[in-house]
Each structure stands twice: as structure tokens, then as C-alpha cells.
Amino acid sequence: MKKEISGNTLELMTGDITKQETEAIVNAANGTLLGGGGVDGAIHRAAGPGLLEECKNIRREQLGGEKLPTGKAVITEGYRLPANFVIHTVGPVWSGKEGKKEQLADCYRNSLQLASDRGIRSISFPSISTGIYRFPIELAADTALRTISAFLETRDFGNVVMTLFSEKDYLVYENALKKIGND
Ligand code: APR
């Protein structure tokens, strides 16, 4: 499914984000930036050891050894990935509290802003926080798509792709996008 927003496009697809040829792909990382399971593990495996090295440098040089806070985003090269860049963002762990939605929205907003600041015009997102972090996917899809749409409405960005890892997830996002369109 593809939607035009103020001259930009928002596209939903099913696939493996490590294969995407957009200029940047987004990693659902954890604060340590040292890799993990899920999409984090897949991206590090596909990118190779250089990615971890650059992440460690970011921890030391940009974060003063601290963890990347939830909702924030940093950017690295893509190494062996087809994408030129990886934007790492830390999604909220679901706890049922209201504020988590805003933190998830920050992941999408800050990743898009970072890409825009770097002149990147195509980016792929996974469904942040809806795996190991157990965020309910219906709420995550609505939050993600509203945040991306609001960002695209006010600027000339290019293409945003949601790369869903299953048909089931794709249908949740497709329903959410249709609902937003009718608001
Ligand atoms: N391509 C696209 N999407 C993928 C891929 C892939 N190769 N692999 C997994 N996914 C999907 C999952 O199916 C889920 O829908 O990414 C979504 C996010 O799931 P997780 O990767 O578990 O990420 P998250 O829920 O944000 O939890 C982050 O998990 O891997 C650790 O280090 C990571 O601690 C962090 C936590």
C-alpha cells in the first residue's frame, strides 16, 4: 500500500529490512547500541563488525559512555548493508502507561529529523517496539503512521517505507493507515 503525502510517499511492505535499498534503514536498537536479537541482531549480522565498532565509538564519543535514551536516534554508516546508513533508535518497553506512546512517536520523529538533517531522502522503518519490547502492535501502528504522516505533511522529504516482517503485521499497519486516511 502506498500513500502520497504533500509530494512525499509513505509505503507499507512486507520484507527483511536488511535487504532494503533505501538510503537509510532504522534499527530498533537497545540503549547499549551493542546489538541484540530481533531486527537489531539481523542488522548487525548483515552489516558486519564495522557497525558494532562505530556504535561503540558513538557510545564513547557522543554519549560519554552512557546509554542512548529511549526515543533518541543516532546514525552510522551501513557497511555491508545495501543501505548507506543505519539510524539506531531505542523504542519504549511496553508497560501499559500512557507516556509510552509519546516515546514511540519520538523514535519515528527523531529518526526522520536526523535523516532529513543529513539530506537522506529515503528511509525504511521496522515496526519499532512490537517484538521483544511487547508494545501492542495496533497502538504502535497508529502512533507510527500518525507521526510519519505529520512529519511528511510539513516538508519535502521523499520516501518512507514501513518494512513489516509478516503478513499479519502488514495487515495491522494497512488497517491503521486506512483509518488515519478517513479521519
Ligand atoms: N526485518 C524487518 N523487521 C524485522 C526483522 C527484519 N529482518 N526482524 C525482526 N523484525 C521485526 C519484528 O518482527 C518486530 O515486528 O521488527 C519488529 C521489532 O521487533 P524487535 O526486533 O524485537 O525490536 P523491539 O520490540 O523494538 O525490541 C528491541 O530487542 O533485539 C533487541 O537489542 C534489541 O533490546 C532491543 C529490543
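All ligand and atom numbering here is 1-based and tracks the order in the structure. In this chain, numbering begins with 1 at the start of the sequence shown. Because only heavy atoms are used, hydrogens play no part in the values below, and waters and symmetry mates are left out as well, while side chains stay in.
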Closer than 4.0 Å to some heavy atom of G37 - which atoms of ligand 1 meet that?
30 (O), 31 (C)

Hey, is S129 one of the residues with a heavy atom under 4.0 angstrom from ligand 1?
yes

Should K101 and D142 count as an ion pair when the cut-off is N to O under 4.0 Å?
no

Polar proximity ligand 1 side, P126 side, N/O cut 3.5 Å exclusive
no

Return yes if some donor-acceptor pair links the side-chain N/O of T130 with the main-chain N/O of F135 below 3.5 Å, else return no.
no

Suppose we measure from atom 7 (N) of ligand 1 to each protein heavy atom; which comes out shortest, and what is that distance?
D16 OD1, 3.0 Å

Looking at P49, is its backbone amide N or carbonyl O close enough to the side chain of E53 to form a donor-acceptor pair, meaning the two atoms are under 3.5 Å apart?
no

Polar-atom distance check: G131 versus ligand 1, any N or O pair below 3.5 Å?
yes

Can an N or O of A29 be found at a distance shorter than 3.5 Å from an N or O of ligand 1?
no

Donor-acceptor check, side chain of T89 to backbone of K72, threshold 3.5 angstrom: yes or no?
yes

How far apart are the C-alpha atoms of R59 and E54, what are their side-chain angles, what is the distance that settles it, and do they pass the salt bridge (Lys or Arg N to Asp or Glu O under 4.0 Å) test?
CA-CA 9 Å; R59 270 289 297 277; E54 187 174 357; over 6 Å; no

For R155 and F151, indicate whether the former's side chain and the latter's backbone hold a donor-acceptor pair under 3.5 Å.
yes

The protein heavy atom nearest to atom 4 (C) of ligand 1 is F165 CG, 3.4 Å

Considering only the protein, which heavy-atom contact is closest to atom 17 (C) of ligand 1, and what is its distance?
S127 O, 3.2 Å

Polar proximity ligand 1 side, Y133 side, N/O cut 3.5 Å exclusive
yes

Which one holds for D169 and ligand 1: side chain close, backbone close, both close, or neither close, with close meaning a heavy atom under 4.0 Å?
side chain

Please check if the number of heavy atoms outside E66 that lie under 6.0 Å from its CD is greater than 12.
no

Sub-3.5 Å N/O-N/O distance, I17 and ligand 1
yes

Of the protein's non-hydrogen atoms, which lies at the shortest distance from atom 23 (O) of ligand 1, and what is that distance?
A28 CB, 3.8 Å

Counting only heavy atoms from other residues, nucleotides and ligands, does the tally under 6.0 Å from CD of E21 exceed 12?
no

For K56, is there an ion pair with E61 - N to carboxylate O distance below 4.0 angstrom?
no

Is it the case that the side chain of D169 and the backbone of F165 share a donor-acceptor pair, with hydrogens and angles ignored and the cut-off at 3.5 Å?
no

Contact with ligand 1 for G15, non-hydrogen, under 4.0 angstrom
yes

For N8 and N159, indicate whether the former's side chain and the latter's backbone hold a donor-acceptor pair under 3.5 Å.
no

Nearest-contact summary for atom 33 (C) of ligand 1 - protein heavy atom, Å
D40 OD2, 3.6 Å

What protein heavy atom sits nearest atom 22 (O) of ligand 1, and how far away is it?
I132 N, 2.8 Å

So, regarding R134 and ligand 1 (criterion: nitrogen or oxygen to nitrogen or oxygen, under 3.5 Å), is there a contact or not?
no

V39 to ligand 1: N or O pair under 3.5 Å?
yes

Please report which non-hydrogen protein atom sits nearest to atom 15 (O) of ligand 1, along with the residue it belongs to and the distance in Å to one decimal place.
T130 OG1, 3.3 Å

